[in-house]
Protein chains: 2
Amino acid sequence: MLTDPSNLTPIHDTAELGKILRTKRKAQNLTQGEVAEHCGLSLRFVSEVERGKPTAEIGKVLYLLTAVGVDLFADPRD
Amino acid sequence: MLTDPSNLTPIHDTAELGKILRTKRKAQNLTQGEVAEHCGLSLRFVSEVERGKPTAEIGKVLYLLTAVGVDLFADPRD
DNA sequence: AGAAAATGTTACTGATCGGGATAATTTGCT
DNA sequence: AGCAAATTATCCCGATCAGTAACATTTTCT
């Protein structure tokens with residue numbers, strides 16, 4: 001079974017990841033503060049991750065992705 | 001253009017991510033030490049990430065994924 | 001212009017990370 | 001099975017940095 005992959009965006013670095021987070025958050029009319037509170041994180045953290053902070057803790061970033069509705073997929077290439 | 005998504009594994013937490021990293025690394029007959037050196041990271045870091053350390057820095061984890069040949073994709077769901 | 005949202009700055013707590021060494025575990029070989 | 005080598009998991013130490021709160025400043029939108 002094939003799925004339309006047109007919405008799949010490759011993630012190569014934290015800048016791209018942050019961009020996706022921001023875009024998706026705004027698409028839902030959420031503020032950084034709302035997302036932050038929903039995840040138990042600081043507004044500060046959300047702001048920095050959206051700007052591509054490479055030293056952010058990955059566990060918290062995963063919370064953020066879940067909160068704004070972005071699924072993550074790993075694809076082992078050959 | 002359609003891509004076969006059959007190898008796409010959803011990532012919900014760091015434990016799953018670590019599992020994928022380890023599986024792919026072994027599939028290429030690489031040791032943690034080899035991967036670590038190739039990324040400029042410590043063997044300890046590689047070990048901890050594969051064990052699902054949630055506080056690892058996301059930028060370094062992305063290096064790891066690249067090094068072992070795992071592509072990451074984001075999918076904004078509705 | 002005015003309100004809301006995002007970013008800059010500072011200070012403080014606490015944990016990450018690396019190196020090196022050492023257990024513990026797994027792998028390979030006879 | 002049993003033993004040795006290789007691989008992986010932990011431990012200690014010190015330096016560095018992430019994360020947060022609070023307030024100031026800037027940007028964005030109506």
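Any value given below was found using the heavy atoms of this structure, including those in side chains, with hydrogens, waters and symmetry copies removed. Just so we're clear, the structure is a prediction, and the values are computed from it rather than from any experiment.
- Each of A:L17, A:L65, A:T23, A:L62 was scored for a side chain to side chain contact (heavy atoms under 4.5 Å, CB included) with A:V70, with one residue passing: A:L65.
- Protein atom CD1 of B:I58 is 16 Å distant from nucleotide atom P of C:dT16, rounded to whole Å.
- For the residue pair B:R25 and B:V35, the shortest heavy atom distance occurs at CD-CG2, 3.6 Å.
- The distance between atom CD of B:E57 and atom P of D:dG19, rounded to the nearest whole Å, is 8 Å.
- Close to C:dA6, at under 4.0 Å from its OP1 or OP2, lies no side-chain N or O of A:R51.
- Although no hydrogens or angles enter the test, the distance criterion places no donor-acceptor pair under 3.5 Å between the side chain of A:K53 and the main chain of A:E48.
- Evaluation of atom-type donor-acceptor distances gives no pair under 3.5 Å for the side chain of A:R44 against the base of D:dG19.
- Not one side-chain nitrogen or oxygen of A:S47 sits closer than 4.0 Å to the OP1 or OP2 atom of C:dA6.
- Counting to the nearest Å, the P atom of C:dG20 and the CG atom of B:L43 are 13 Å from each other.
- The interatomic distance linking A:K53 (NZ) with D:dG19 (C1') rounds to 7 Å, in whole Å.
- The shortest side-chain heavy-atom distance between A:L64 and A:C39 falls under the 4.5 Å cut-off.
- Note on B:E50: nothing from the nucleic acid sits closer than 4.0 angstrom, heavy atoms only.
- Per the geometry, CZ belonging to B:R22 stands 11 Å off P belonging to C:dT27, to the nearest Å.
- In this structure, the nucleotide among C:dG18, D:dA18, C:dA6 sitting nearest to the side chain of A:R25 is C:dA6.
- Out of C:dT7, C:dG18, D:dT20, the shortest distance to the side chain of B:F45 is found at C:dG18.
- Between the P atom of C:dT10 and the CD atom of A:E48 lies a distance of 14 Å, rounded to the nearest Å.
- Side-chain proximity of A:K60 to the nucleotides D:dT8, D:dG19, D:dT10 is greatest for D:dG19.
- In this structure, B:E34 and B:N29 approach most closely via the heavy-atom pair OE1-O, 3.8 Å.
- Applying the 6.0 Å contact sphere to CD of B:Q28 captures more than 12 heavy atoms from other residues, nucleotides or ligands.
- The shortest distance between side-chain heavy atoms of B:V61 and B:T14 does not fall below 4.5 Å.
- Applying the 4.0 Å criterion to OP1 and OP2 of D:dG19, one finds that A:S42 has every side-chain N and O outside that range.
- Contact check of residues 29-40 of chain A against DNA chain C (heavy atom, cut-off under 4.0 Å) returns A:T31, A:Q32.
- Counting to the nearest Å, the C1' atom of D:dT7 and the NZ atom of B:K26 are 9 Å from each other.
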